[in-house]
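These notes are about the structure you will find just below.
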Amino acid sequence: MTSPLTDLRTFLAVLRQHGELVEIDAEVDPDLEAAEIHRRVIAAGGPALLFRRVKGSPWPAVTNLFGTQRRVQLAFGPRPEVLVQQLAAAPHTLLPPSLGKLWQHRDLLGSLLKVGRKTVRNAPLLACQDTPPQLSRLPLLRTWSEDGGPFVTLPLVYTEHPAGLGSNLGMYRIQRFDDDTTGLHVQIGKGGGFHLAAYEQLGRPMPVHVTIGGPPALILSAIAPLPENVPEVLLTSLLLGQRLRTTRSPHSPLPLFADAEFTIVGEVRPGERRPEGPFGDHYGYYSLQHDYPLLRAKALLHRQDPILCATVVGKPRQEDFFLGDYLQDLLLPLAKVAMPSVLDLWSYGETGYHSLSAAVVQERYGREAMQSAFRILGEGQLSLTKFLLLTDRRVDLRDFRATLTHVLARADFRSDLYVFGSLSMDTLDYAGPAVNKGSKGVLLGLGEPRRTLPGEFSGALPAPFARAAVFCPGCLVVDGPSYAADPHAASTLARQPALADWPLVVLVDDAAQASRSAMNFLWTTFTRFEPAADLHSRHAELVRNTAVYTPPIVIDARMKPNYPKELFCDPDTRRLVERRWREYFPAGKVEMGDSDRAHLD
């Protein structure tokens, strides 16, 4: 890529040029049908989709923009990674400064001089400024049958602190209620929520912009796990290699992104809430209905011929997986600067990212690894991590089987397993006792191996445990009775003599399915357990007010009665899409995948 992609149109042109965009001329219903087409296509690794005729709307919609690694690379190119590596190296290579060093870093310094925003008067976004907003015209998708309504699924929510202490660009889903109101799903630990709290303390309404479309860098920046006081628009500018174009409108005191497709201009009044949801979410289950801030829209600004961009989330892997992994690779060099004892870090998208992370850290003195653990668990969005694996030896963290094997061979469960109860938890993770509440776990695997791990299971399991399958050396997956039938089965399993040599056992509803691949194991295990409630052991005792465990450690990863439903396409929509597939793709070149499985095996 030789020039930055400054808006959605330039990105679509690149996708067309590379055969990565398919246009659908048949009329498609945004209520369930479009989302199921998207899921079938992404499950087969297919192209981005431009829906030309969306039922009930004058405007088209595009989805699956980032649904493969190749399209992510087309969106951003190699420049951001080179720039971030230069930024991470600068404290070591630029200091102390000299003329020679400054000349060697002239490209980096030139890029930094272009960071920021520039205000323009003539902006495509200002072509149409509609009041009242008439939000029902937007071709918003309802993606799952039990969703509470249609949603903006790629919203770029911009707010500013009332005391001028910075801006925030986040991606908080937006449920359309009617022509001029929506929900605003700001979650705990997110910048938009902090801004709202500050406005409510002052008794003032918070101005809000919900932008749709614009430069791909804007979308990436909205989901980037930046420190709280680092404006996301600075990252956008860095990724673009130029100042971000903004504009102004009499409808709002906030700056507008000049090259966006749509912007909903509105405000949230102090204390005003409304039930929002349910919504089929990226964990692969429904998030339930809860009260969230009510956004009152005052105007809808849009281009003359706007295109709405949307996404669909669900079981892995969806679009958010490819963006999330790209962001991790991109920002890792900067994370290591902020946390010098962390040598490598990876969060697993198959678990929804917040459910499991692993790190390679330094252990220069006894238990230094726990200092790194606390540092990671206190850093921005990483603070929502539910379970953390740590080692001080090199291992490819992206290879989860190898990582888990490495840690299990080294963990001393008398001292290396920590469970911290009564903490905050990701809003979308329902494994805890209540929304936003739960616990965290940390498992260390340091030094040289302390045990030889079993690789085959030849023992006998008593009823009601039906099958056992080896996921990796040292980890056995067992299926047993449903949680409703026997909530204490995990404790019973931990005491079985046949499992004495296995450091980790995972109790599931279907062992064959859960152990079939690393993706299956990660999704099944870490989205269905909470450390304080679902970790069991053969024996546990308190020593110096610290829990000391005797393995096997059993994770109860069965579906619990209080969990939300797993996401499946409804039968009517499934049959409709299968029947109309050749209408959507008359050339017959787009494969139809399995949306219920996604990329699970």
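The environment of CD in Q69 is sparse: at most 12 heavy-atom neighbours from other residues, nucleotides or ligands sit within 6.0 Å.
Panel note: side chain Q289, backbone G277; a donor-acceptor pair is recorded below 3.5 Å. Of the possible donor and acceptor atoms, one in the side chain of K386 sits under 3.5 Å from a partner among the backbone N and O of F526. In this structure, N520 contributes its side chain and Q513 its backbone to a donor-acceptor pair below 3.5 Å. The backbone N or O of C569 lies less than 3.5 Å from a partner atom in the side chain of R574, making a donor-acceptor pair. Put simply, the side chain of T524 never gets that close to the backbone of F521: no donor and acceptor are under 3.5 Å apart. Not a single donor-acceptor pair under 3.5 Å links the side chain of R274 to the backbone N or O of G183. Between the side chain of T403 and the main chain of D396, a donor-acceptor pair closer than 3.5 Å is present. E276 contributes no side-chain N or O that, together with a main-chain N or O of H185, makes up a donor-acceptor pair within less than 3.5 Å. Remark: side-chain polar atoms of D130 are not paired, donor with acceptor, to backbone N or O of P133 under 3.5 angstrom. Here the side chain of D147 pairs a donor or acceptor atom with the backbone of G280 at under 3.5 angstrom.
Between D259 and R245 there is a salt bridge, with a side-chain nitrogen of the basic residue lying less than 4.0 Å from a carboxylate oxygen of the acidic one. Classification of D25 and R52 as a salt-bridged pair fails, no side-chain N sitting under 4.0 Å from a carboxylate O. A salt bridge links R528 to E566: one of the charged nitrogens lies within less than 4.0 Å of a carboxylate oxygen. K55 and E33 are not joined by a salt bridge, as no carboxylate oxygen comes within less than 4.0 angstrom of a charged side-chain nitrogen. D510 and R516 are not joined by a salt bridge, as no carboxylate oxygen comes within less than 4.0 angstrom of a charged side-chain nitrogen. Using a cut-off of 4.0 Å between Lys/Arg side-chain N and Asp/Glu carboxylate O, D329 and R398 are scored as salt-bridged. Between E36 and R39, at least one side-chain nitrogen of the basic residue sits less than 4.0 Å from a carboxylate oxygen of the acidic one, meeting the salt-bridge criterion.
Residues I212 and L156 fail the side-chain proximity criterion, which asks for heavy atoms closer than 4.5 Å. You'll find the side chain of V268 stays beyond 4.5 Å of the side chain of V186, heavy atoms only. Side-chain contact between L240 and P215 is present, with heavy atoms from C-beta onward closer than 4.5 Å. Contact of the C309 side chain with the L65 side chain is registered, since non-hydrogen atoms from C-beta on lie closer than 4.5 Å. For the pair F51/L141, no side-chain contact is recorded, criterion being any heavy-atom separation below 4.5 Å from C-beta on. For the pair V435/L288, no side-chain contact is recorded, criterion being any heavy-atom separation below 4.5 Å from C-beta on. For the pair L382/P225, no side-chain contact is recorded, criterion being any heavy-atom separation below 4.5 Å from C-beta on. Considering only heavy atoms from C-beta on, Y584 stays 4.5 Å or farther from L49 through its side chain.
Annotation: Y283 is not in aromatic contact with Y430 [ring centroid separation under 6.0 Å not met]. A ring-centre distance under 6.0 Å is not found for Y285 and Y563. For Y348 and F400, the ring centers sit closer than 6.0 Å to each other. In this structure, the ring of F151 has its center less than 6.0 angstrom from the ring center of F279.
R303 forms no cation-pi arrangement with W59, by the criterion of a distance under 6.0 Å to the ring centre and an angle within 45° of the ring axis. At least one cation-pi condition fails for R71 and F322: the charged atom is not both under 6.0 angstrom from the six-membered ring centre and inside a 45 degree cone around its axis.
In terms of heavy atoms, W523 sits closest to P316 at CD1-CD, 3.6 Å. Contact record, D179 with S136: OD1-OG, 2.6 Å, taken as the closest heavy-atom pair. Shortest non-hydrogen contact noted between Y483 and M559 is CB-O, 3.5 Å. Residues T68 and G45 approach most closely at CG2-O, 4.0 Å, considering heavy atoms. Looking at every heavy atom in both residues, E530 comes nearest to A431 through CB-O, 3.4 Å. Between L330 and V84, the shortest heavy-atom distance links the atoms O-CG1, 3.0 Å.
Here the straight-line distance linking atom OG1 of T525 with atom CD of E350 works out to 11.5 Å at 0.5 Å rounding. For the atom pair CE of M592 and CD of E578, the computed distance is 5.0 Å after rounding to the nearest 0.5 Å. D180 contributes atom CG, which lies 11.0 Å from atom CD1 of I264 (distance to the nearest 0.5 angstrom).
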(message) Run L244 and L218 through side-chain contact (heavy atoms from CB on, under 4.5 Å) and show every step you take.
(response) CA-CA 9 Å; L244 178 64; L218 203 60; 4.0 Å; yes
(request) For the pair D325 and V72, evaluate side-chain contact (heavy atoms from CB on, under 4.5 Å) and give the outcome as yes or no after the intermediate values. (result) CA-CA 10 Å; D325 280 7; V72 170; over 6 Å; no
(request) Take D305 and R9 through the test salt bridge (charged side-chain N to carboxylate O under 4.0 Å, His left out) and record every step on the way to the result. (result) CA-CA 11 Å; D305 56 345; R9 291 30 179 18; 3.3 Å; yes
(message) Test side-chain contact (heavy atoms from CB on, under 4.5 Å) on L600 and M519; report intermediate values, then the result.
(response) CA-CA 6 Å; L600 296 170; M519 184 178 296; 3.7 Å; yes
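T263 and T211 form a side-chain donor-acceptor contact under 3.5 Å, judged by distance and modelled atom types alone. Looking only at atom types and distance, the side chain of E319 has a donor-acceptor partner in the side chain of T311 under 3.5 Å away. Side-chain N/O atoms of T159 and N168 include no donor and acceptor closer than 3.5 Å. N436 and T427 form a side-chain donor-acceptor contact under 3.5 Å, judged by distance and modelled atom types alone. With hydrogens and angles left out, the side-chain atoms of S252 and H209 include a donor and acceptor closer than 3.5 Å. For the residue pair R173 / S287, a side-chain donor-acceptor distance below 3.5 Å is found, with atom types taken as modelled.
The only option from Y326, F11, F321 that meets the side chain to side chain contact (heavy atoms under 4.5 Å, CB included) definition with F66 turns out to be F11.
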